[in-house]
Asks: 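Here it is, the structure, as structure tokens.
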Amino acid sequence: MRSHGQVEAYFGRHPDAEIIRSQPGLGPMLSARVLAEFGDDPHRYASAKARKNYARHQPDLPRLR
């Protein structure tokens, strides 16, 4: 298991890290988890609604509003 510092260092290298971290309430650990759960493929979901529906059906994910 990675330490908090390692996760923050590796996550900070991701091209979308600044955008993800700009969401209210997302610190480095939760931001990394959101990225891990959703992935970083911009074409994975057909629309924003499809992504929202996916989040609604995943009980372990933080609720994105």
Side-chain angles (χ1 to χ4, degrees):
M1 182 169 212
R2 301 235 184 238
S3 72
H4 182 75
Q6 289 175 317
V7 170
E8 190 169 358
Y10 285 113
F11 177 72
R13 295 179 190 166
H14 192 277
D16 294 333
E18 187 176 335
I19 295 168
I20 296 169
R21 288 281 313 269
S22 71
Q23 301 302 306
L26 294 183
M29 296 297 282
L30 188 53
S31 296
R33 180 169 178 193
V34 167
L35 181 63
E37 294 286 344
F38 278 128
D40 60 354
D41 179 7
H43 305 292
R44 181 174 179 186
Y45 303 97
S47 66
K49 185 175 181 178
R51 187 173 198 158
K52 183 178 178 181
N53 288 340
Y54 174 79
R56 188 177 340 161
H57 296 292
Q58 300 300 316
D60 292 345
L61 289 177
R63 297 293 180 222
L64 302 177
R65 296 183 182 114

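If you're wondering where the values come from, they're calculated on a predicted model, not measured in any experiment.
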Asks: What is the distance from atom CG of Asp16 to atom OG of Ser22, rounded to the nearest 0.5 Å?
Replies: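 Going from the CG atom of Asp16 to the OG atom of Ser22 covers 10.5 Å.
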Asks: Between Phe11 and Ala32, what is the shortest heavy-atom contact and its length?
Replies: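 Answer, listing the atom of Phe11 first, then Ala32: CD1-CA, 3.8 Å.
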Asks: Could you pull out the closest heavy-atom pair between Ile20 and Ser31, with the gap in Å?
Replies: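 The answer is CG2-CB, 3.8 Å.
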Asks: Roughly how far apart are Arg21 CZ and Leu35 CG, rounded to 0.5 Å?
Replies: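 If we round to the nearest 0.5 Å, Arg21:CZ and Leu35:CG are 12.5 Å apart.
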